[in-house]
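Just so we're on the same page: letters track the sequence lines, and every chain starts at 1.
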Amino acid sequence: MEYNFLDIENKWQKNWEDSSIFCPDKNSKKPKYYILEMFPYPSGKIHMGHVRNYAIGDVSARFKRSQGFNVLHPMGWDAFGMPAENAAIKNNVHPKEWTYENIEAMKVQLKQMGLSYDWSREIRTCDKEYFVHEQKFFLELYNAGLAYKKESFVNWDPVDQTVLANEQVVDGKGWRSGALVEQKKLSQWFLKITDFAEDLLKGLGDLSLWPKKVLSMQENWIGKSIGATIKFKIIGSSELIEVFTTRPDTIYGASFIGLSADHIISIKLAKNNKKISDFIKICKQAGTTNVDLEKAEKIGINTNILVEHPFTKEQIPVYIANFILINYGTGAIFGCPAHDQRDFDFAKKYNLRIKQVVSPNNKEQELVEAFVDKGTMINSEFLDGLTIEDAKLRVIKKLKDKNLAESSIKYKLRDWGVSRQRYWGTPIPIYYSNDGDPIPVEDNELPVELPKKIDFNKNGNPLDSHPTWKHVKSKDGKIIGTRETDTFDTFFESSWYFARFCSPQSEKMFDKQYKDWMPVDLYIGGVEHAILHLLYSRFFTHALKRLGKSHITEPFKKLVTQGMVLKDGAKMSKSLGNTVDPQEIIRKYGADSVRVFILFSAPVEKDLEWNDKGIEGASRFIKRMWKIIYENIESINSSFNKDINTVKDDEKAFLIKIHKTTEKITRDIENLQFNTCIAALMELLNFAYKFKEKNNNEKLFGFFIYQFLQLANPFIPHVTNELWELAKFNKKNINLIWPEYDQSIIEKDEVIIAVQINGKTRGSTPLLFEDESDEDISLRVSKSKDFAKFLEGKEIIKKIYVKNRLINIIIK
RNA sequence: GGGAGCGUGGCGGAAUUGGUAGACGCACUAGAUUUAGGAUCUAGCGCCUUCGGGUGUGGGGGUUCGAGUCCCCCCGCUCCCACCA
């Protein structure tokens, strides 16, 4: 019978669904394993990136299940978001309808891949049963002082007409629209992620199973700096200018004070000074892209204000300068040109003093650029001779005594702005009294739902222009307030969905099953979420712990970031026209072949180049597997117990190969090294073909079939299930068992050692018996004609023998 | 500018973690089968070679009996962050 993947795959997908075998057992005493892949946005069509992501997760889930774990492997939909609104405008469909249709279409496509999900736990974040808990959670954060409303400059995307979080601004542009982001002053809701900056930073230390890359990205994003704030007295005034510095040791090198264009003093000065107000305008026009920043010249304007150096009492000029950020530190710095490159450039331009205070050799040098390495203090009175670290402490202490400095720690991390001026999102459960005070929506009024009828043809937020929705009425029909018309950033939904999967139908946000299942043991997704989604999810879990709702602070124990799927060296995209449609490929080759190709062709974490010929190779492998096993299916046999010392040589070799492969795959699959697992399966299959040509030991071949089907099952689930059934061998479900190997048989393998002469490999020789001594081997080797020629007339001065590996003969 | 990572055949990639480099697959070559193509099977496949061997994991140096693997210096590539004081 020919291998007919279409029938087989349909049959087993239906079988799995009907039998619910992939739903975890509630009363199980087995150890739990929670495996999750980042859930998709329901665009309507799966792409190769999804295929790869979910294939990786599925192999892990199937493997863990077969090893006896109670596996939670759910799937859901990140269902709020802008494409639904764009479709609504373009095609005149309701976002909800569009989204639900896409979900159904994508579910069909995912099911065609043969993924072992527990679909009974499916969640859609746009369902009120989901977001009601989010609204409640937000109010809890609000009551705990972790959510607040603030008027501030925010990143405004002029194309998408909405606010973006810092994390969503990439290279000065909106992460979706690519439009140049503007700064706009708006009143927005924020979550106090900065309250957790230190916890989130420390927590990274517990994430030993995360990729180093992601840890370092998060660390950089949190951006902790240890330093001090120092106050400078303005001469002729009682006012002070406070600056932040990580280098208080270089205080004697201070030659100017720099203020951001948005600093209060700058703004004040601009009011009565045209030159200054013009300069500030110029600063604000500057671009923020990489190229702009690299080219940007450091410019400034002298304010004619002078401050007093806290030790030398020298007068120091105050400049407004374009390279000082209002968003970091105090928006003001002291410039030390000798030891900071930016200050150095600035000083050169404006002829400011460059005074060296740190030196590698206790001497002044000609500085052509800032000296930023280690050294000792010079030209610094009481600091001279100290190390940088000691000098920092001394300076802070002395200024602290004068009330002019404090130790200070700053973070780059900003609070998370969650307000979005969009319709298709979770309504923020707040309304404003007629006096404008924010009032949380009462618990029994939740969820706040979106109005079904909505007009997208008006400018701005459709909720805002809705005729009635925003009016909050009392029981007697009086208007008592106005709803918040902003909705949440959709990252809000994805920051806790993993928790909801533990008890997706619970009346509460989650129930005691949260404790049973969390944390997620293995989380798989694209590295593009290294900061946004993964940082917010960690923040939420930390916050849940603080609110007493979670027993853990870190939601994801092990993280794997899979590489992208490329075609012609570039990420697949519609605009490049280099996409490959997974559905088409599945139709042509079957899901098993697609799974094998995508897992075999590159290690999980690396980018993968799509290759039409490669999938044919995968398909060929499965056909060969089908053929030889199908033709010999009745010989299946769960063991081969004959004494290994009595069987023929090639039988012994085959048996050892089977055990060795079992050992290798058991090890590699645990480490997610699926490419080498499949290579090992191919090798074993090739071995089986060669064996079959010359041997007819049915019992042994039957054992090969028994082992092979189980080993291949996580990768090639449809075919292995079909063959297992055809074998009518036993009632055990192949999806719930894993084969064993016998170490003592593996050790019976013939040992071939390398023969080196002066460290150069000259060939190899088999060990004649188990504990053959190095003396015996070297004697044997030196007599053998293969090696004697290298030793002729030479004196053997040393022999190095590595057991079962090699012998190295050193000659002179 | 700061940080992280990576350089192995024509290509994707292996290498038990310091011990026979190139497993497995793709492509390619030859042969078998076939009217032909496709499919399948068999064999070959780093480079050079006077067929003895030489050489080879980006380049150079070092440690070692032995280095793709460890250390130092270059060269190149990728990703992330970025006037963050």
Report the distance from atom NZ of A:K298 to atom P of B:C83, rounded to the nearest whole Å. 10 Å
Separation of atom NZ in A:K348 from atom P in B:C83, rounded to whole Å: 25 Å
Check the distance between B:C65's P and A:I809's CD1 and give it to me in whole angstrom. 17 Å
Hey, is the side chain of A:K803 poking within less than 4.0 Å of OP1 or OP2 on B:G19, counting only N and O atoms? no
Got a list of protein N/O to nucleotides 43-45 of chain B N/O distances below 3.5 Å?
none

How far, in whole Å, is B:G19 from B:C70 if one measures between their P atoms? 11 Å
Without decimals, in angstroms, what is the distance between A:I598 CD1 and B:G12 P? 17 Å
Pairwise C1' distance, B:A85 and B:G68 [rounded to whole Å]: 43 Å
Those residues at least two apart in sequence (or on a different chain) that pass ring pair (Phe, Tyr, Trp, His ring centres under 6.0 Å) with A:H339 are none
Would you classify B:G66 as syn or anti? Syn applies when the glycosidic angle is within 90° of 0. anti
Answer with base, sugar-phosphate or nothing: what part of the nucleic acid does A:K760 contact at a heavy-atom distance below 4.0 Å? sugar-phosphate
From CD of A:E242 over to P of B:A85, roughly how many Å is that when rounded to an integer? 16 Å
So A:R247 and A:D340, do their side chains get closer than 4.5 Å, heavy atoms only? no
B:C45 to B:G22 separation - C1' atoms, rounded to the nearest Å: 12 Å
Lys/Arg-Asp/Glu bridge criterion (N-O < 4.0 Å) met for A:D749, A:K660: yes
For the residue pair A:H263 and A:I320, establish whether any side-chain heavy-atom pair is separated by less than 4.5 Å. no
Mind telling me if B:U17 is syn or anti? Syn here is a glycosidic angle within 90° of 0. syn
What residues, two or more places apart in sequence or in another chain, satisfy ring pair (Phe, Tyr, Trp, His ring centres under 6.0 Å) together with A:F256? A:F346
Under the side chain to side chain donor-acceptor pair (under 3.5 Å) definition, can you give me all pairs with a residue in residues 319-331 of chain A, not counting sequence neighbours? A:S225-A:Y328
Report, one pair per line, the protein and nucleotides 3-7 of chain B atoms (nitrogen or oxygen only) whose separation is under 3.5 Å.
none

Dot-bracket notation for RNA chain B, counting Watson-Crick and G-U pairs under 3.5 Å, with | for partners on another strand: (((((((..(((......[....))).(((((.......))))).(((....)))..(((((..]....))))))))))))....
When you measure from the side chain of A:N53 to the backbone of A:G49, do you find a donor-acceptor pair of N or O atoms at a distance under 3.5 Å? no
Looking for any heavy atom pair under 4.0 Å, which part of the strands does A:N322 touch: base, sugar-phosphate only, or nothing? base
Using salt bridge (Lys or Arg N to Asp or Glu O under 4.0 Å) as the criterion, list what pairs up with A:E693, not counting sequence neighbours. none
Given the rule in the side chain to side chain contact (heavy atoms under 4.5 Å, CB included) test, do A:M48 and A:L608 qualify, once you have shown the distances and angles that lead to the verdict? CA-CA 10 Å; A:M48 278 298 169; A:L608 179 151; over 6 Å; no
P gap between B:G61 and B:G53, integer Å: 27 Å
Tell me every residue that passes salt bridge (Lys or Arg N to Asp or Glu O under 4.0 Å) with A:K803, counting only those two or more places apart in sequence or in another chain. A:D771
Give the nucleotide from the list B:U42, B:C65, B:A14 with an atom nearest to the side chain of A:E693. B:U42
Select one nucleotide: of B:C81, B:A85, B:G66, the one nearest the side-chain heavy atoms of A:I333. B:A85
Using 30° and 60° as the class limits, which term best fits the ring planes of A:F654 and A:F704: parallel, tilted or perpendicular? tilted
May I have the distance from A:D340 (atom CG) to B:A85 (atom C1'), rounded to whole angstrom? 6 Å
For residues 250-259 of chain A, which residue pairs qualify under side chain to side chain donor-acceptor pair (under 3.5 Å), counting only residues two or more places apart or in two chains? A:Y252-A:E381
With a non-hydrogen cut-off below 4.0 angstrom, is A:R762 in contact with a base, only sugar-phosphate, or nothing? sugar-phosphate
How about A:I665 and A:L681: do any of their side-chain heavy atoms sit closer than 4.5 Å? yes
Span that lies between the C1' atom of B:G56 and that of B:C47, in whole angstrom: 7 Å
Which is it for B:G9, anti or syn, if anything within 90° of zero counts as syn? syn
How many Å lie between CD1 on A:I757 and C1' on B:G53, as a whole number? 14 Å
What pairs with A:E631 under salt bridge (Lys or Arg N to Asp or Glu O under 4.0 Å), at least two apart in sequence or on another chain? A:K627
What is the nucleic acid contact for A:I324, judged by heavy atoms within less than 4.0 Å: base, sugar-phosphate only, or nothing? base
Rounded P spacing from B:G12 to B:U78 in Å: 15 Å
Footprint string (nucleotides 20-32 of chain B, 5' to 3'): B base within contact, S backbone only, - free, heavy atoms under 4.0 Å: BS-BBSSS-----
Expressed as a whole number of angstroms, how long is the span from A:F597:CZ to B:G13:P? 11 Å
A:I241 and A:K231: side chain to side chain contact (heavy atoms under 4.5 Å, CB included), yes or no, with the steps? CA-CA 5 Å; A:I241 296 178; A:K231 290 170 186 160; over 6 Å; no
Do any N or O atoms of the protein come closer than 3.5 Å to N or O atoms of nucleotides 46-52 of chain B, and which pairs are they?
none

Are any non-hydrogen side-chain atoms of A:L534 and A:W210 less than 4.5 angstrom apart? yes
Taking the six-membered ring of A:F687 as reference, does the NZ or CZ atom of A:K657 fall below 6.0 Å from its centre and within a 45° cone about the axis? no
Of the listed B:A85, B:C84, B:G19, the closest approach to the A:R342 side chain comes from B:C84
Whether A:E609 side chain and A:D568 backbone form a donor-acceptor pair below 3.5 Å: yes
How far does the P atom of B:G9 sit from the matching atom of B:U69, given to the nearest Å? 14 Å
Where the side chain of A:S601 is defined as all heavy atoms beyond and including C-beta, which of B:G12, B:C65, B:G19 is the nearest nucleotide? B:G12
Which comes earlier along RNA chain B counting from the 5' end, the contact point of A:Y689 or that of A:N758, where each point is its nearest nucleotide? A:Y689
Considering only the C1' atoms, how many Å lie between B:C81 and B:G62, rounded to the nearest integer? 35 Å
When the ring planes of A:F232 and A:H309 are compared, do they come out parallel, tilted or perpendicular, using 30° and 60° as the limits? perpendicular
